[in-house]
Amino acid sequence: MTSLQLAEPAIAEECCAPSGRAALEVEEAQRTALVFKALADPNRLRLLSIVKGAGDGEACVCDLTEPLDLSQPTVSHHLKILVDAGLLHREKRGTWAYYSLVPGAIEQAAGLLATL
């Protein structure tokens with residue numbers, strides 16, 4: 001009968017030098033994920049484009065339901081997520097809410113990828 005020879009375990013060598021670049025802190029990663037989650041929905045992307053394309057730079061929630069063919073509560077839910085992510089600003093006027101882009105928010109969101 002032939003005996004099998006066992007290989008000696010490899011001596012651990014350093015894989016590579018650390019990059020020296022700091023990882024995202026937990027809070028920063030959570031804020032960044034909030035923005036990316038807000039942008040990851042087609043309806044929310046459409047809402048952003050409608051608000052951005054509005055002639056006076058703002059749109060009433062009453063004008064946002066028809067283009068998306070969604071109910072007012074659903075549109076309001078999506079708008080709340082965009083506001084919470086810091087992409088839209090909400091201003092209440094009487095019974096209606098008006099939404100506008102937060103200045104620099106789109107550019108800041110685009111820059112988040114570059115910081116990873």
Side-chain angles (χ1 to χ4, degrees):
M1 194 174 226
T2 310
S3 64
L4 295 174
Q5 234 179 0
L6 298 176
E8 292 291 319
I11 298 173
E13 293 182 24
E14 296 237 359
C15 171
C16 53
S19 70
R21 194 169 158 207
L24 286 176
E25 294 295 326
V26 173
E27 296 82 17
E28 186 179 1
Q30 289 172 336
R31 285 191 306 273
T32 301
L34 186 66
V35 172
F36 289 153
K37 285 179 184 179
L39 295 172
D41 184 273
N43 290 315
R44 291 193 282 269
L45 288 174
R46 291 185 66 207
L47 284 168
L48 280 174
S49 71
I50 292 168
V51 171
K52 184 177 180 191
D56 55 357
E58 65 180 14
C60 177
V61 69
C62 62
D63 297 325
L64 297 172
T65 55
E66 187 179 325
L68 270 63
D69 194 29
L70 296 172
S71 69
Q72 188 274 328
T74 301
V75 170
S76 291
H77 166 75
H78 287 302
L79 290 166
K80 180 181 181 333
I81 291 171
L82 291 167
V83 169
D84 290 346
L87 298 166
L88 288 181
H89 171 74
R90 179 182 186 268
E91 182 181 336
K92 183 94 164 148
R93 296 185 204 153
T95 59
W96 296 107
Y98 289 80
Y99 293 86
S100 59
L101 284 176
V102 170
I106 300 294
E107 296 78 14
Q108 188 177 19
L112 289 173
L113 283 176
T115 63
L116 294 178

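Everything numeric in this text was worked out from a predicted model, so none of it was measured.
- The two atoms that bring Ser100 and Gly57 nearest to each other are CB-O, 3.3 Å, heavy atoms only.
- The shortest heavy-atom contact between Val83 and Arg90 is CG2-CB, 4.1 Å.
- With values rounded to the nearest 0.5 angstrom, Leu88 atom CG is found 11.5 Å from Ile81 atom CD1.
- One distance of note links OH of Tyr99 with CG of Leu79; it measures 4.5 Å at 0.5 Å rounding.
- Connection of Val61 to Val51 is established within a shared hydrophobic cluster, with ILVMFWY side chains joined at heavy-atom distances below 4.5 Å, either directly or through further cluster members.
- Hydrophobic clustering (side-chain heavy atoms under 4.5 Å, transitive across Ile, Leu, Val, Met, Phe, Trp, Tyr) keeps Val26 apart from Leu34.
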Taking distance alone, no hydrogens or angles, what donor-acceptor pairs closer than 3.5 Å link side-chain atoms of residues 65-73 to residues at least two apart or in another chain?
unit_1 : atom_1 : unit_2 : atom_2 : d
Ser71  : OG     : Thr74  : N      : 3.4
Ser71  : OG     : Thr74  : OG1    : 2.9
Gln72  : NE2    : Ser76  : OG     : 2.6

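- The two atoms that bring Arg44 and Leu82 nearest to each other are O-CD1, 3.8 Å, heavy atoms only.
- In this structure, CD in Glu25 is found 11.5 Å from OG1 in Thr32, a value given to the nearest 0.5 Å.
- Minimum heavy-atom separation, Phe36 to Ala109: CE2-O, 4.3 Å.
- Between Leu45 and Leu39 there is a side-chain heavy-atom pair separated by less than 4.5 Å.
- Grouping the Ile, Leu, Val, Met, Phe, Trp and Tyr side chains by contacts below 4.5 angstrom, directly or via other members, places Leu64 with Tyr98.
- Val35 places none of its side-chain heavy atoms less than 4.5 Å from the side chain of Arg31.
- We find the CG-CG distance between Leu47 and Leu87 to be 11.5 Å, quoted to the nearest 0.5 Å.
- Once rounded to the nearest 0.5 Å, the distance linking CH2 of Trp96 with SG of Cys60 reads 5.5 Å.
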